[in-house]
Amino acid sequence: MANIKNKNKVSEFVLLGLTGSPELQTFFFVIFSVFYLITMLGNSLILLTVLSTPHLHSPMYFLLSNLSLIDICLSSFATPKMIMDFFAEHKTISFEGCISQIFFLHLFTGTEIVLLISMSFDRYIAICKPLHYSTIMSQRVCAGLVVTSWTVGFLHTMSQLAFTLYLPFCGPNVVDSFFCDLPLVIQLACIDIYVLGIFMISTSGVIALVSFLLLLTSYIIVLVTIKDHSSTGTSKALSTCTAHFIVVLMFFGPCIFIYVWPFTNFLVDKVLSVFYTIFTPFLNPLIYTLRNQEVKTAVKKKLSNQSLNLGKTTPRYPVQ
């Protein structure tokens, strides 16, 4: 890292944020603060509920709890700084901080992509091969899917950093976004990286596109499988798949758009980044988990138990 810093004259980057309007900055501060607070509380509650409820210790809920963990991480790598920067006169981030944001962005998004595919595989086995579900989706397999998700995410982000870290940054340092993203940062390098940059960044877009098509295929197979079931079951499955697909589209759509066609300088890229870093972690617990009756019952029971415990706590007075 010392050698890298020696060839770089840029020690920090300037983040332009979402907007320069003071009125909009105040509005966004309130909105995103509320979103972030609800995201953290919702995902933390789901994680604690699944861990502390024995009958939720099944493959589906194990994967859902890991999704909540990733969403906590994904919503925290850049959002708190963005919220604080709304009232900062100079919105800057150190070179190391910028590289760290790129690392965590690709780590968490890469991990979530593989985990979402694992969850669709779990639902496919549960609906299409119910008699073999307990055999196929064993604890060992579930743990392997989660480890694979994090491993793929780590290898993906390291491949991106291996390209970025050794670029020379010696002049421009203005990033037109609220966090450091790979397509924006590498454009600031002092060498021509257009062809290599297109190849490296588009790789992320292709991965997202292929993963999205796999998920779409799995939803279609599940719906076709239950087509001959009762209309009530089909309606419920269609509602669930539609809700899941909306969240998947909100996560993958911006990733595909931004990374398949990098260096486009579209203002919409900045807006799309909000979807997979803020809105998706906010919606995941609502769509994937809190729509589930078992989880809702467990959450209500946990909250009611906490209320009862608080009610039973009475102040102790000294004996007269």
Side-chain angles (χ1 to χ4, degrees), residues 39-40 43-44 46-47 50 59-60 62-81 96-122 140-165 179-186 199-215 218 244 247-260 262 272-285 288-289:
T39 299
M40 296 301 289
N43 283 292
S44 297
I46 290 168
L47 186 59
V50 172
M60 181 178 69
F62 175 73
L63 295 175
L64 283 172
S65 63
N66 278 276
L67 179 65
S68 290
L69 175 62
I70 295 174
D71 283 335
I72 289 172
C73 298
L74 183 59
S75 62
S76 298
F77 87 96
T79 306
K81 176 168 176 54
E96 293 80 4
C98 186
I99 294 299
S100 296
Q101 285 193 340
I102 295 174
F103 172 82
F104 287 121
L105 170 65
H106 287 272
L107 171 64
F108 299 141
T109 52
T111 302
E112 182 155 334
I113 284 174
V114 180
L115 188 63
L116 287 172
I117 294 174
S118 301
M119 290 168 60
S120 70
F121 174 72
D122 171 75
R140 184 175 181 179
V141 170
C142 290
L145 289 173
V146 171
V147 171
T148 300
S149 300
W150 284 98
T151 302
V152 171
F154 179 77
L155 292 176
H156 169 66
T157 194
M158 290 306 296
S159 70
Q160 302 299 302
L161 283 187
F163 166 66
T164 308
L165 276 175
F179 69 94
C180 289
D181 201 357
L182 191 61
L184 297 173
V185 172
I186 67 172
F199 173 75
M200 289 298 299
I201 297 172
S202 295
T203 302
S204 298
V206 171
I207 292 173
L209 179 59
V210 172
S211 301
F212 174 74
L213 293 176
L214 284 173
L215 286 167
S218 71
H244 288 192
V247 176
V248 166
L249 185 62
M250 288 183 65
F251 178 77
F252 282 94
C255 292
I256 294 170
F257 187 90
I258 292 172
Y259 288 97
V260 170
L272 290 175
S273 298
V274 174
F275 280 89
Y276 66 85
T277 58
I278 298 175
F279 290 155
T280 301
F282 169 80
L283 288 175
N284 275 348
Y288 278 100
T289 311

### Message
Nearest 0.5 Å, please: how far is OG in Ser44 from CD1 in Ile72?
### Response
3.5 Å
## Note on the structure
dist Met119:CE -> Ser218:OG (nearest 0.5 Å) comes out at 11.0 Å
### Query
Any sub-3.5 Å donor-acceptor pair from Thr280's side-chain atoms to Phe275's backbone N or O?
yes
### Summary
Separation between SG (Cys98) and CG (Leu182), nearest 0.5 Å, reads 9.5 Å
#### Entry: Exam field: side chain Ser120 to backbone Ile117, donor-acceptor pair closer than 3.5 Å
yes
### Query
Does Met40 reach the side chain of Pro281, with side-chain heavy atoms less than 4.5 Å apart?
no
### Query
Please walk me through it: do Leu64 and Val50 pass side chain to side chain contact (heavy atoms under 4.5 Å, CB included)?
CA-CA 9 Å; Leu64 283 172; Val50 172; 5.7 Å; no
### Task
Show the numbers, then the answer: is there a side chain to side chain contact (heavy atoms under 4.5 Å, CB included) between Trp150 and Ile70?
CA-CA 10 Å; Trp150 284 98; Ile70 295 174; 3.7 Å; yes
### Task
Examine distances only and state if a side-chain atom of Asp122 and a backbone atom of Ser118 form a donor-acceptor pair shorter than 3.5 Å.
no
### Query
What pair of heavy atoms forms the shortest contact from Thr157 to Phe103, and how long is it?
OG1-O, 2.7 Å
#### Entry: Single hit among Thr277, Ile207, Leu74 for side chain to side chain contact (heavy atoms under 4.5 Å, CB included) with Thr109
Leu74
### Message
So does Phe62 get a backbone contact from the side chain of Ser65, meaning a donor-acceptor N/O pair under 3.5 Å?
### Response
yes
### Query
Step by step, would you call Phe179 with Phe77 a ring pair (Phe, Tyr, Trp, His ring centres under 6.0 Å)?
CA-CA 9 Å; Phe179 69 94; Phe77 87 96; 5.5 Å; yes
### Task
Please check if the distance between the ring centroids of Tyr276 and Phe252 is under 6.0 Å.
no
### Query
What's the spacing between Leu249 CG and Phe212 CZ if we round to 0.5 Å?
5.0 Å
### Residue pair Phe108, Asp71: steps toward the side chain to side chain contact (heavy atoms under 4.5 Å, CB included) verdict
CA-CA 8 Å; Phe108 299 141; Asp71 283 335; over 6 Å; no
### Query
Can you tell me how far the CG atom of Leu107 sits from the CD1 atom of Ile102, to the nearest 0.5 Å?
13.5 Å
### Donor-acceptor pair, side chain of Gln101 and main chain of Cys180, under 3.5 angstrom
yes
### Message
Distance check, rounded to the nearest 0.5 Å: Asn43 atom CG versus Leu47 atom CG?
### Response
8.5 Å
### Task
Check whether any side-chain heavy atom of Val206 sits under 4.5 Å from a side-chain heavy atom of Val210, and report yes or no.
yes
### Message
Other residues, nucleotides and ligands only: do more than 12 of their heavy atoms fall within 6.0 Å of CZ on Phe154?
### Response
no
### Query
Could you walk me through whether Thr39 and Ile278 pass the side chain to side chain contact (heavy atoms under 4.5 Å, CB included) check?
CA-CA 8 Å; Thr39 299; Ile278 298 175; 5.9 Å; no
### Query
Quick check: does any side chain N or O of Thr164 sit under 3.5 Å from a backbone N or O of Leu161, one acting as donor and the other as acceptor?
no
### Message
Treating Ser159 as the side-chain partner and His156 as the backbone partner, does any N or O pair qualify as donor plus acceptor under 3.5 Å?
### Response
yes
